[in-house]
Amino acid sequence: MLSVKTSLLLSRCLAVAICCLLLVLARDGRGLPVSVDSDAAATFGAAAKQNARLKLRLNWTFCAKPQRGWYLYTPLIRRLINTGAAPETNSFAEALAEWQRSAELASTGVLDQETWMKMVAVFQSRRIKDRSTPAPQQLTLVPASDFFDAERPEDLRYVERQAYEAYKKLVAAAAADLSLSSDENWLKVISAFRSPAYQSQLRKQSPRTGRAGLAVNSPHFTGRALDLYVGGEPVETKDSNRAIQVQTPVYQWLLRNADRFGFQPYCYEPWHWEYVGKK
């Protein structure tokens with residue numbers, strides 16, 4: 001057995017040897033091998049830099065319309081990948097990489113075009129599939145007080161019965177959580193059921209407008225698609241307006257809670273929500 005004196009001497013020699021090794025490595029511009037965590041941090045750091053650029057500059061197309069960046073959809077994206085982190089952070093890149101793995105994509109942590117179009121496909125898959133027109137008895141006439149425009153004609157104030165019941169519960173919950181006043185326009189219905197005949201008339205009146213062009217097979221035919229007031233100009237698709245809408249407390253609340261009442265969003269229009277029933 002080694003004496004205490006000998007053990008101390010060996011410990012000092014070992015410490016000196018380690019110091020000498022570190023000095024040699026430092027002189028040669030080398031270092032000790034980095035950990036896996038350090039490698040991951042570097043990878044996600046690089047991904048975060050790319051995401052900061054792509055959120056504003058990624059070129060993509062939606063319904064034949066050129067788009068630039070995905071910054072308008074940041075709240076939807078964060079909800080999808082289950083993170084509250086900003087796109088410019090390592091934490092966002094790490095959460096994105098986990099989602100990419102689950103979606104069978106390369107887990108780079110970079111929200112590139114392939115990943116973004118996969119996300120858009122996921123958002124679209126959650127919308128109404130069957131867009132057939134309901135029978136008259138499946139529709140209910142909604143009071144004018146529930147509409148953004150209190151003078152909206154009666155024939156444009158119909159909603160599918162189950163969708164309307166779910167909508168009323170949603171509004172009551174939002175009003176309680178956000179302390180919404182009953183005399184405010186938040187979550188008032190802008191548009192609901194529109195018949196194919198009425199939609200055809202709209203397209204004839206405005207054949208070159210993007211929204212009319214997108215409505216050839218409108219989910220509004222079902223009476224289960226509701227345009228709700230979430231801020232800004234009610235149904236203006238300009239990026240500047242949508243940027244305002246996606247930051248309002250009401251829209252943020254809808255993202256967190258609407259699915260509890262059976263509603264799913266249409267990613268391109270922050271005001272448009274579709275009743276698909278509870279999962």
Side-chain angles (χ1 to χ4, degrees), residues 55-56 60-79 120 123-124 127-128 142-153 155-159 163-164 167 170-171 174-175 177-194 198-199 201-216 218-221 223-258 263-275:
K55 76 170 187 176
L56 299 173
W60 56 289
T61 302
F62 185 74
C63 293
K65 291 183 177 181
Q67 310 291 325
R68 188 167 176 82
W70 41 259
Y71 67 98
L72 290 172
Y73 309 90
T74 298
L76 271 172
I77 295 167
R78 292 197 296 196
R79 175 75 172 165
V120 171
F123 297 142
Q124 292 290 80
R127 300 180 64 197
I128 294 172
V142 173
S145 58
D146 283 340
F147 274 79
F148 184 83
D149 177 8
E151 298 181 1
R152 191 166 179 81
D155 60 339
L156 296 178
R157 298 205 319 264
Y158 283 91
V159 178
Y164 182 63
Y167 162 75
L170 179 150
V171 171
D177 290 349
L178 300 175
S179 300
L180 301 179
S181 173
S182 59
D183 61 354
E184 292 179 311
N185 283 323
W186 296 113
L187 295 176
K188 291 290 182 72
V189 180
I190 300 165
S191 182
F193 172 70
R194 299 201 294 261
Y198 177 77
Q199 199 70 27
Q201 180 183 351
L202 286 182
R203 288 197 302 275
K204 289 178 181 179
Q205 292 173 352
S206 304
R208 296 183 180 180
T209 59
R211 293 187 64 244
L214 291 174
V216 175
S218 174
H220 284 284
F221 295 166
R224 292 183 286 128
L226 302 178
D227 292 341
L228 306 177
Y229 184 67
V230 296
E233 292 296 322
V235 291
E236 174 57 67
T237 58
K238 288 182 179 179
D239 288 358
S240 57
N241 184 60
R242 293 190 294 150
I244 293 171
Q245 291 176 324
V246 299
Q247 295 301 326
T248 64
V250 167
Y251 179 78
Q252 299 281 342
W253 186 93
L254 286 171
L255 282 186
R256 296 191 303 270
N257 297 281
F263 285 92
Q264 291 293 333
Y266 172 34
C267 62
Y268 189 72
E269 298 178 351
W271 58 84
H272 183 104
W273 295 80
E274 300 179 9
Y275 180 72

Exam field: side chain [X] to backbone [Y], donor-acceptor pair closer than 3.5 Å:
{"X": "K188", "Y": "S145", "value": "yes"}
{"X": "R224", "Y": "P219", "value": "no"}
{"X": "R194", "Y": "Y198", "value": "no"}
{"X": "Q67", "Y": "T61", "value": "no"}
{"X": "N241", "Y": "E236", "value": "yes"}
{"X": "Q245", "Y": "V235", "value": "no"}
{"X": "T248", "Y": "V230", "value": "yes"}

Ring centroid separation Y167 to Y275 under 6.0 Å: no
Does the side chain of [Y] come within less than 4.5 Å of [X]'s, by heavy atoms?
{"X": "P265", "Y": "L254", "answer": "no"}
{"X": "V159", "Y": "F193", "answer": "no"}
{"X": "V189", "Y": "D227", "answer": "no"}
{"X": "L170", "Y": "W253", "answer": "yes"}

Quick one: do the Y164 and D146 side chains pair a donor with an acceptor below 3.5 Å? yes
Which atom names give the shortest non-hydrogen contact between [X] and [Y], and what distance separates them?
{"X": "Q252", "Y": "V246", "value": "NE2-O, 2.8 Å"}
{"X": "F147", "Y": "R157", "value": "CZ-CA, 3.5 Å"}
{"X": "A174", "Y": "L187", "value": "CB-CD1, 3.6 Å"}
{"X": "A163", "Y": "G223", "value": "CB-O, 4.1 Å"}
{"X": "S191", "Y": "H220", "value": "O-CE1, 3.8 Å"}
{"X": "I128", "Y": "E274", "value": "N-OE1, 2.9 Å"}

NE2 (H272) and CG (L226) are apart, to the nearest 0.5 Å, by 8.5 Å
Quick one: OH on Y268 to CG on L76, what's the gap to the nearest 0.5 Å? 14.0 Å
R242: which residues meet the salt bridge (charged side-chain N to carboxylate O under 4.0 Å, His left out) condition with it, sequence neighbours left out? D239
Would you call the rings of W60 and Y73 parallel, tilted or perpendicular, taking 30° and 60° as the class edges?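 W60 and Y73: perpendicular rings.
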Please determine whether side chain to side chain contact (heavy atoms under 4.5 Å, CB included) holds for the pair D149 and I190, giving the CA-CA distance in whole Å, both sets of side-chain angles, and the decisive distance to 0.1 Å. CA-CA 7 Å; D149 177 8; I190 300 165; over 6 Å; no
Could you walk me through whether Q199 and F221 pass side chain to side chain contact (heavy atoms under 4.5 Å, CB included), step by step? CA-CA 9 Å; Q199 199 70 27; F221 295 166; 3.5 Å; yes
F148: which of W186, Y229, W271 passes ring pair (Phe, Tyr, Trp, His ring centres under 6.0 Å):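 Going through W186, Y229, W271 one by one, the ring pair (Phe, Tyr, Trp, His ring centres under 6.0 Å) with F148 is satisfied by Y229 alone.
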